[in-house]
Amino acid sequence: MFKVYKLFNLLNLDVVFGAIISSMAFAVFLGVNVEASVYVLLGSTVWIIYTFDRLMDTKGDEQVLQSDRHSFHKKYFQRLGWLIVICTLVSIALLFIIDSKTLLWGVVLSGGVFGYLCTIHLIKIKWLLHKELVVAIIYTAGVIIGPLSIFEGSFSSSFFLCVAVFFLVALKNLLIFSLYDMSFDKKAGLSSVVTILGTQPIKIVIAMISILISCISILGYIYFGDPLLLILLFMTIPLFIIFKFSETRFCQMNFRYIGDAVFLMPVILL
């Protein structure tokens, strides 16, 4: 079973399903019916972005890029490249059948994603906020854009709290990953907030984010009673484990599987 999930993770499919399930949870929260084509487009886009990013990473020093995910993407570079082409064509076809408002919002977000990828892989700008904050913003926007684009009511304070907490969970996830990847990033010449600021300041930031998530989720749930806030709080428990016990072999071997899997937890609400 673990080997199956490992392959699932190497193919970035857990990230894809995590995004789709999280988007469905927000659709339930807002009480809207999102067309299946929108979820397929979201999943396809997320997979293209993550896989393209991994394939570009394999262009680095072969003596350094020896992790499972880099070896996998290097080994199957051509096949994955063709799959990206197919998924891109599918995504383009889906653009003609989704709601026009959703399409407009998606085009704007896609422009931001394209700019992000260009600055990293083409212009090769390595500035402080790229890897963590920008990705957390893009991921959060991608998850909520489908339900949000067709919602016609007034937004509650609880909705904004849920979006804020989801963003903080995504940011915490990325910061923890950067802590684990610090040695690798330094050897590979990759920039992250951890390689620039060091581990201790980021650990303090993660602790502050954890406190903020707990306070917003608990107080928000007590006041509004929305179960999504509670689920978002529970999502931080596995992240706390891989953060607190980062020195253990179990966490070092499995942190990426655990960290990516937390975004599957909102399935409870579906």
Side-chain angles (χ1 to χ4, degrees), residues 1-22 40-91 113-114 116-122 124 126 130-132 134-136 138-139 142 170 173-192 194-195 238-239 241-242 246 248-265:
M1 180 63 72
F2 178 74
K3 289 183 178 180
V4 174
Y5 183 73
K6 182 178 180 179
L7 179 61
F8 200 68
N9 179 268
L10 289 173
L11 286 169
N12 305 310
L13 293 178
D14 51 352
V15 178
V16 170
F17 282 96
I20 293 174
I21 288 172
S22 297
V40 175
L41 181 58
L42 170 63
S44 177
T45 303
V46 169
W47 187 83
I48 290 169
I49 292 170
Y50 270 78
T51 304
F52 177 79
D53 192 49
R54 296 284 186 268
L55 291 179
M56 290 300 99
D57 283 345
T58 64
K59 297 295 185 178
D61 188 348
E62 292 187 14
Q63 298 299 318
V64 175
L65 303 177
Q66 295 296 323
S67 67
D68 288 343
R69 70 182 189 278
H70 286 104
S71 298
F72 178 85
H73 284 76
K74 191 171 186 65
K75 181 178 180 180
Y76 298 104
F77 188 95
Q78 189 172 11
R79 295 180 187 179
L80 291 171
W82 279 111
L83 283 176
I84 287 178
V85 172
I86 293 171
C87 285
T88 301
L89 294 175
V90 170
S91 298
V113 173
F114 180 75
Y116 160 71
L117 292 174
C118 283
T119 56
I120 289 181
H121 297 297
L122 297 180
K124 299 187 182 300
K126 297 179 180 180
H130 258 154
K131 188 176 179 181
E132 292 81 13
V134 174
V135 174
I138 290 174
Y139 186 78
N173 173 281
L174 291 165
L175 290 174
I176 292 173
F177 278 16
S178 290
L179 282 175
Y180 275 94
D181 289 337
M182 182 187 67
S183 297
F184 171 83
D185 287 343
K186 283 186 174 181
K187 291 179 182 178
L190 301 175
S191 179
S192 76
V194 179
T195 60
L239 295 180
I241 292 173
I242 61 175
S246 60
T248 64
R249 178 174 174 78
F250 174 81
C251 288
Q252 290 175 359
M253 295 293 292
N254 300 289
F255 76 92
R256 196 170 296 277
Y257 307 129
I258 297 171
D260 287 339
V262 299
F263 293 97
L264 299 171
M265 292 177 66

According to ring-ring contact (aromatic ring centres under 6.0 Å, His included), who are the partners of Tyr76, at least two apart in sequence or on a separate chain? Phe72
Table please: side-chain donor-acceptor pairs of residues 175-182 below 3.5 Å, with sequence neighbours left out.
{"from": "Ser178", "atom 1": "OG", "to": "Glu132", "atom 2": "OE2", "distance (Å)": "2.5"}
{"from": "Ser178", "atom 1": "OG", "to": "Leu174", "atom 2": "O", "distance (Å)": "3.1"}
{"from": "Tyr180", "atom 1": "OH", "to": "Ile242", "atom 2": "O", "distance (Å)": "2.4"}
{"from": "Asp181", "atom 1": "OD1", "to": "Arg256", "atom 2": "NH2", "distance (Å)": "3.2"}
{"from": "Asp181", "atom 1": "OD2", "to": "Arg256", "atom 2": "NH2", "distance (Å)": "2.8"}

Does Ser44 have any side chain to side chain donor-acceptor pair (under 3.5 Å) partners at least two apart in sequence or in another chain, and if so, which? Ser91
At their closest point, which heavy atom of Asn173 faces which heavy atom of Gly259, and how far apart are they? ND2-O, 2.8 Å
Distance from Leu41 atom CG to Ile20 atom CD1, nearest 0.5 Å? 10.0 Å
For Gly81 and Leu55 the tightest heavy-atom approach is N-CD1, 4.1 Å
The criterion is side chain to side chain contact (heavy atoms under 4.5 Å, CB included); which residues satisfy it with Val15, sequence neighbours excluded? Val46, Tyr50, Tyr139, Asp260
I'd like to check Leu42 versus Trp47 (side-chain heavy atoms, cut-off strictly below 4.5 Å). Are they in contact? no
Which heavy atom of Pro238 sits nearest to which heavy atom of Met265, and what is that distance? CG-SD, 4.4 Å
Show every donor-acceptor pair shorter than 3.5 Å between a side-chain atom in residues 82-90 and any protein atom, with sequence neighbours excluded, or say none if there are none.
{"from": "Thr88", "atom 1": "OG1", "to": "Ile84", "atom 2": "O", "distance (Å)": "2.7"}

Taken to the nearest 0.5 Å, the spacing of Thr51 OG1 from Leu80 CG works out to 6.5 Å
All pairs passing salt bridge (charged side-chain N to carboxylate O under 4.0 Å, His left out) where residues 78-91 contributes a residue, at least two apart: none
Please tell me if the side chains of Phe17 and Phe8 come closer than 4.5 Å, counting only heavy atoms from C-beta onward. yes
